[in-house]
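Working notes, beginning with the structure itself.
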Amino acid sequence: MSFAAPRSPHKPRFPTTLSTVRKLGSSLPMGRRHQRASAAILFVIIFFCAFTLFTHNSHPVSLVTPKFQVSELLVRREIDPSKKTFDPALHRSKPAKRPIPPALVMTPEEELAALVHFVTAFASNALPNVDPGKPIPPELLLGFNTRDGDRARMELDNVVQSTWFEHPVVIFVEKHSAKARELKGIIATYSLLPLPAIVEVDSRRDVDVIVPLIFRLTKRTSFPILIVGGTVMGSVEDIRTAHGDGSLQDTLADAGAVIGGSEKKKKKKLIVQLSDDQ
């Protein structure tokens, strides 16, 4: 009694494909290994394609990537797409700019000291083309940061004190002037130390600016002008009178000028030279 093998309830999906591969394999001679290898590779490819089609029939997958909808994103963020709004989360807040402190304001007396400090520091110093009728910007005359608040004020005070200490006697003159020669002759009789600072205004290249500036700061209208310890003296006639009664000598000494100091310095140098020769 023979029993027939039970048949599968489902027919093989690809009978033609399998039989075809078997026939191809059996028809190849045993000595041609490369043909057998090609048949095996073909079998694997066909099997893989069949398996892929079988699995994807039950779960179809669309290979087209859906487009990104900007409006859907706006709806999810609860933003009206018809209105352009500023999103602070997308922009970093910039730090506020630090306000620039105001510049130093000088009185006429301080401005005069700063001018003397400027013209006596270097012979090449010259004022730019500015309006002498208005206060000169302090940064043009001073060598420090004039916008540094209290520190700038302290620096200015030091400049004023050091200027009149180093130059207790300042004379603004015109080079070829008879009154200028007379005034310089009177001052020379005192042999002052430090030596007077003599500024010939008409020999400077900034003469068009410095002359009206000096007139504004000293409230004088003509040269020569004598400044002792920061105080503007009178005319040449007034100085001649003060020289005659001795009050000028007291004024010079009170300003810190040493009477006869230059003569003593010359004698000291002469003594040193004589001792070196011996």
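The chain is numbered in sequence order, starting from 1.
For the side-chain contact (heavy atoms from CB on, under 4.5 Å) test, no residue two or more places apart in sequence or in another chain qualifies with Asn158. Applying the side-chain contact (heavy atoms from CB on, under 4.5 Å) test to Thr241 and every residue at least two apart in sequence or in another chain returns Asp245. Under the rule for a salt bridge (charged side-chain N to carboxylate O under 4.0 Å, His left out), the partners of Glu111 that lie at least two apart in sequence or sit in another chain are Arg216. For the salt bridge (charged side-chain N to carboxylate O under 4.0 Å, His left out) test, no residue two or more places apart in sequence or in another chain qualifies with Glu155. With sequence neighbours excluded, the residues satisfying side-chain contact (heavy atoms from CB on, under 4.5 Å) with Asp148 are Asn145, Arg151, Ala152. Residues satisfying the side chain to side chain donor-acceptor pair (under 3.5 Å) criterion with Asp238, sequence neighbours excluded, are Ser235. Contacts of Arg147 classified as salt bridge (charged side-chain N to carboxylate O under 4.0 Å, His left out), with partners at least two apart in sequence or in another chain: none. Residues passing the side chain to side chain donor-acceptor pair (under 3.5 Å) test with Arg153 are Glu110, sequence neighbours excluded. For the side-chain contact (heavy atoms from CB on, under 4.5 Å) test, residues two or more places apart in sequence or in another chain that qualify with Glu139 are Pro137, Thr146.
Hydrophobic clustering of Ile, Leu, Val, Met, Phe, Trp and Tyr side chains at less than 4.5 Å, counting indirect connections, unites Trp164 with Met106. Leu252 and Ile227 fall into different hydrophobic clusters, defined by Ile, Leu, Val, Met, Phe, Trp and Tyr side-chain heavy atoms under 4.5 Å apart, directly or through other members. Residues Ile210 and Ile171 fall into different hydrophobic clusters, defined by Ile, Leu, Val, Met, Phe, Trp and Tyr side chains chained together at heavy-atom separations under 4.5 Å. Ile136 is connected to Val232 through a chain of hydrophobic side-chain contacts under 4.5 Å among Ile, Leu, Val, Met, Phe, Trp and Tyr, so both are in one cluster. Residue Ile214 is grouped with residue Val170 when hydrophobic side chains (ILVMFWY) are merged at heavy-atom distances under 4.5 angstrom, including chains of intermediate members.
Atom CD of Glu109 sits about 9.5 Å away from atom OG1 of Thr231, to the nearest 0.5 Å. Between the OG atom of Ser222 and the CD atom of Glu174 there is a distance of 8.5 Å, given to the nearest 0.5 Å.
Taking each heavy atom of Arg220 and Gly234 in turn, the nearest pair found is NH1-O, 3.3 Å. The two atoms that bring Leu217 and Pro108 nearest to each other are CD2-O, 3.9 Å, heavy atoms only.
For Phe172 and Phe215, the distance between ring centers is not under 6.0 angstrom.
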List, one per line, each side-chain donor-acceptor pair under 3.5 Å for residues 181-202, sequence neighbours excluded.
from   : atom 1 : to     : atom 2 : distance (Å)
Glu182 : OE1    : Arg240 : NH2    : 3.4
Glu182 : OE2    : Arg240 : NE     : 2.7
Glu182 : OE2    : Arg240 : NH2    : 2.8
Thr189 : OG1    : Ile186 : O      : 2.5
Tyr190 : OH     : His243 : ND1    : 2.5
Asp202 : OD1    : Lys175 : N      : 3.0
Asp202 : OD2    : Lys175 : N      : 3.1

Without placing hydrogens or testing angles, list every side-chain donor-acceptor pair under 3.5 Å for residues 112-132, not counting sequence neighbours.
from   : atom 1 : to     : atom 2 : distance (Å)
Thr120 : OG1    : Val116 : O      : 2.6
Asn125 : ND2    : Phe118 : O      : 2.8
Asp131 : OD1    : Gly133 : N      : 3.0

Fill in: From CA spacing to verdict: side-chain contact (heavy atoms from CB on, under 4.5 Å), Glu237, Lys179
CA-CA 9 Å; Glu237 291 75 14; Lys179 289 185 177 182; 4.1 Å; yes
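No side-chain heavy atom of Met233 sits under 4.5 Å from any side-chain heavy atom of Ile225.
Within the structure, ring pair (Phe, Tyr, Trp, His ring centres under 6.0 Å) pairs that include any residue of residues 134-159 do not occur (at least two apart or interchain).
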